[in-house]
Protein chains: 2
Amino acid sequence: MSPSLPSGLLGTLDPTSDRAVFRQIADQLREAIDRGRFREGEKLPSEAELVDHFGVSRMTVRNSFSILQGEGLVHAEHGKGVFVRPRPPVRRLASDRFTRRHREQGKSAFIVEADTVGGHPQVDSLEVKEIKASPDISARLGSVRRVLSRYRRYLLDGRPVEFATSYLPLDIARGTQIAEPNPGPGGIYARLEDLGHRLDHFDEEIRSRMPSPAEVKTLNLAAGVPVFHLIRTAYDTEGRAVEVCDTVMASDAYVLSYRLPAT
Amino acid sequence: MSPSLPSGLLGTLDPTSDRAVFRQIADQLREAIDRGRFREGEKLPSEAELVDHFGVSRMTVRNSFSILQGEGLVHAEHGKGVFVRPRPPVRRLASDRFTRRHREQGKSAFIVEADTVGGHPQVDSLEVKEIKASPDISARLGSVRRVLSRYRRYLLDGRPVEFATSYLPLDIARGTQIAEPNPGPGGIYARLEDLGHRLDHFDEEIRSRMPSPAEVKTLNLAAGVPVFHLIRTAYDTEGRAVEVCDTVMASDAYVLSYRLPAT
DNA sequence: CAGTGGTCTAGACCACAAT
DNA sequence: TTGTGGTCTAGACCACTGA
């Protein structure tokens with residue numbers, strides 16, 4: 001069987017060009033995707049078809065695909081083909097998501113956010129324990145030795161989108177409902193306020209990087225999808241850091257949104 | 001010449017494992033890097049050495065390297081070797097960087113930020129022109145047809161770290177100093193206030209994704225480095241959107257920092 | 001010059017998906 | 001069973017780096 005491509009879908013190579021053949025092929029595919037000749041979720045020509053069309057070896061074609069995968073443009077499915085990666089719906093995180101108004105409605109931040117996009121939120125892998133604080137966490141919490149850690153993973157419509165670990169000083173959290181798997185309505189921030197730690201503000205640090213293999217697994221990430229790494233510190237009105245939350249998020253599932261003062 | 005590896009630096013393969021050989025090699029190198037057996041900037045064993053050590057073909061070794069490149073852990077230099085990618089110093093962008101206090105000191109935001117890390121800031125590729133607004137920009141600015149666009153690229157200590165395009169409604173910016181390449185002390189935000197548009201707040205949207213080939217070129221990005229894509233809208237005290245700034249930043253050069261209200 | 005990574009070929013066998 | 005991508009080999013020639 002000799003596969004063949006609809007003529008005109010893709011062009012030809014320029015043998016006089018300095019640009020490597022596999023880059024030229026990647027360029028053509030990228031441009032075709034950008035121009036909408038291949039739509040989201042649509043299958044690209046198979047490796048065999050491209051080998052025939054361009055008259056190159058299979059490894060050369062695979063090299064082209066690997067470029068596009070690295071750019072997050074396509075993803076391969078074993079036995080099926082290579083497809084234009086669909087852009088999943090994004091969740092918009094607004095900077096008012098931790099306001100008291102929401103806590104008083106008994107909603108945790110993740111639920112508040114999920115409401116705004118109409119998805120089905122879910123939490124799994126909840127794990128609460130006491131551990132030794134890492135140097136970084138200790139510094140952020142003001143030199144504490146041991147902390148309560150709360151790990152959980154969040155899913156939206158069944159897809160894992162972020163996982164997070166909260167760290168709290170033992171003198172605040174031990175023996176309270178914060179140390180329970182289910183902290184109750186409004187989440188741990190509501191409980192902190194119940195305990196007399198009136199929250200003043202949060203500081204959030206945002207980084208972006210490629211995920212580790214473990215993160216790829218936990219978030220079921222496609223190739224070419226970076227993660228947001230977000231570290232939030234909660235301060236009470238006395239200026240004490242009462243919680244640090246370390247979150248890793250699938251970057252293709254989020255748009256972070258903040259309001260900055262001009263004055 | 002038969003290259004050989006210091007024994008004990010790397011282990012052996014597990015032929016019974018389901019894990020592909022090139023993944024096993026990548027795993028070993030990654031772990032060695034994580035454990036600090038190879039330090040930042042240090043050269044990894046050459047392809048030939050690994051071919052000898054593991055008894056595999058060269059393509060298999062190259063596949064391993066390509067995994068690590070995709071993770072942003074290493075970068076290859078033609079003719080020299082493969083090196084552990086150094087983490088460049090990051091610039092910390094605080095959420096008070098657009099406050100009037102800074103503008104009144106005659107400093108633009110980029111200069112303010114650069115001051116805080118002690119680097120040498122620089123701007124090039126300045127380009128100012130009038131263009132038709134894209135649908136997105138038009139929507140953000142409140143249905144304007146044409147806009148003034150200001151493009152510039154920022155460097156820190158000679159390294160390009162971000163490029164940005166600002167869009168302003170013509171009825172505000174045309175014929176003013178904002179339409180000049182050099183907008184004067186305090187930047188365009190100071191000029192907007194001079195023109196009577198007292199700034200109230202900014203909204204910032206943050207996305208993260210892999211860069212396009214053009215962005216790789218403009219920012220001189222290494223493989224496996226995502227970009228921040230930041231869209232900021234400036235509002236005056238009358239609630240009008242007076243500027244939209246579209247910025248693409250090398251994510252390994254930045255930590256974004258925001259303060260969120262708790263009330 | 002020798003050593004390095006960059007590109008490319010022409011095969012091979014395998015595992016997975018759909019029919 | 002056929003077509004798909006996943007892995008691997010054993011070469012080849014090239015371009016860049018540094019001594």
Side-chain angles (χ1 to χ4, degrees), chain A residues 1-5 13-27 29 38 41-70 73-85 213 216 222-224, chain B residues 1-5 13-27 29 38 41-70 73-85 213 216 222-224:
Chain A
M1 171 72 209
S2 92
S4 82
L5 230 51
L13 299 176
D14 174 6
T16 71
S17 167
D18 278 350
R19 194 147 177 89
V21 172
F22 74 94
R23 291 189 201 283
Q24 292 187 47
I25 296 177
D27 290 344
L29 292 169
F38 300 108
E42 196 173 334
K43 185 178 168 300
L44 295 182
S46 73
E47 293 176 355
E49 285 171 325
L50 292 173
V51 162
D52 273 25
H53 179 82
F54 289 113
V56 297
S57 81
R58 190 175 158 220
M59 283 311 293
T60 301
V61 168
R62 282 182 62 77
N63 249 329
S64 311
F65 278 149
S66 117
I67 289 189
L68 299 179
Q69 284 202 43
L73 281 181
V74 307
H75 70 109
E77 292 182 37
H78 197 169
K80 295 208 261 187
V82 177
F83 301 83
V84 179
R85 194 161 68 82
V216 167
Chain B
M1 171 69 210
S2 91
S4 82
L5 230 51
L13 300 177
D14 174 5
T16 72
S17 167
D18 278 350
R19 192 146 178 90
V21 172
F22 75 93
R23 289 187 203 283
Q24 292 188 47
I25 296 177
D27 290 345
L29 292 169
F38 300 107
E42 195 172 336
K43 186 179 167 302
L44 296 182
S46 73
E47 295 176 354
E49 285 170 325
L50 292 173
V51 163
D52 273 24
H53 179 83
F54 289 112
V56 297
S57 80
R58 190 173 160 222
M59 283 310 294
T60 301
V61 169
R62 283 182 62 78
N63 248 329
S64 312
F65 278 151
S66 119
I67 289 189
L68 300 178
Q69 283 202 43
L73 282 182
V74 308
H75 69 107
E77 293 182 35
H78 197 170
K80 295 207 258 186
V82 176
F83 301 83
V84 179
R85 194 161 68 80
V216 167

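Every chain is numbered from 1 and lettered A, B, ... according to where its sequence line falls, protein lines coming before strand lines. As the structure is a prediction and not an experimental result, all values here were calculated from the model.
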Q. If we only count heavy atoms from C-beta on, is the B:L68 to B:V82 side-chain gap below 4.5 Å?
A. no
Q.
Using 0.5 Å steps for rounding, measure from the CZ atom of A:R19 to the CD atom of A:Q24.
A. 8.0 Å
Q. About how many Å separate CZ of A:R62 and CD1 of A:I25, when rounded to the nearest 0.5 Å?
A. 13.5 Å
Q) Closer than 4.0 Å, any side-chain N/O of A:T60 to the OP1 or OP2 of C:dT9? A) yes
Q: Would you mind reporting whether B:R85 and B:V74 have side-chain heavy atoms less than 4.5 Å apart?
A: no
Q) Rounded to whole angstroms, how far apart are CZ on A:F54 and C1' on C:dT9? A) 17 Å
Q: Measure the OG1-CG distance between B:T60 and B:L50 for me, rounded to the nearest 0.5 Å.
A: 11.5 Å
Q | Integer-rounded Å distance: C:dG5 P and B:H75 NE2 | A | 12 Å
Q. What integer distance in Å separates B:N63:CG from C:dG5:C1'?
A. 15 Å
Q) If only side-chain N and O atoms of B:S46 are considered, is one of them under 4.0 Å from the OP1 or OP2 phosphate oxygen of C:dT4? A) yes
Q) Where along residues 13-27 of chain A does a heavy atom fall under 4.0 Å from DNA chain D? A) none
Q: Specify the separation, in whole Å, of atom CD of A:E49 and atom P of D:dT4.
A: 6 Å
**Q.** Atom-to-atom span, CZ of A:R62 to P of C:dG11 - whole angstrom
**A.** 18 Å
Q. Under 4.5 Å between any side-chain heavy atoms of A:F22 and A:I67, yes or no?
A. yes
Q. Taking for each residue the nucleotide of DNA chain C bearing the nearest heavy atom, is the 5' side occupied by A:V56 or by B:A76?
A. B:A76
Q: Mind checking the NE2-CG spacing from A:H75 to A:L44? Nearest 0.5 Å is all I need.
A: 9.5 Å
If you restrict it to nitrogen or oxygen atoms, what contacts under 3.5 Å exist between nucleotides 13-17 of chain D and the protein, and what is each distance?
from, atom 1, to, atom 2, distance (Å)
D:dA15, N3, B:H78, NE2, 2.8

Q: Measure the distance from CE on B:M59 to P on D:dT9 and round it to the nearest whole Å.
A: 11 Å
Q: Grab the CG-C1' distance between A:L50 and D:dT4 for me, whole Å please.
A: 13 Å
Q. In Å, rounded to the nearest 0.5 Å, how long is the span from CD of B:E77 to CZ of B:F83?
A. 5.0 Å
**Q.** Whole angstrom value for the distance that separates C1' of D:dT9 from CD of B:E47
**A.** 15 Å
Q: First locate atom CG of A:D27, then atom CG of A:L13, and finally report the distance between them rounded to the nearest 0.5 Å.
A: 10.5 Å
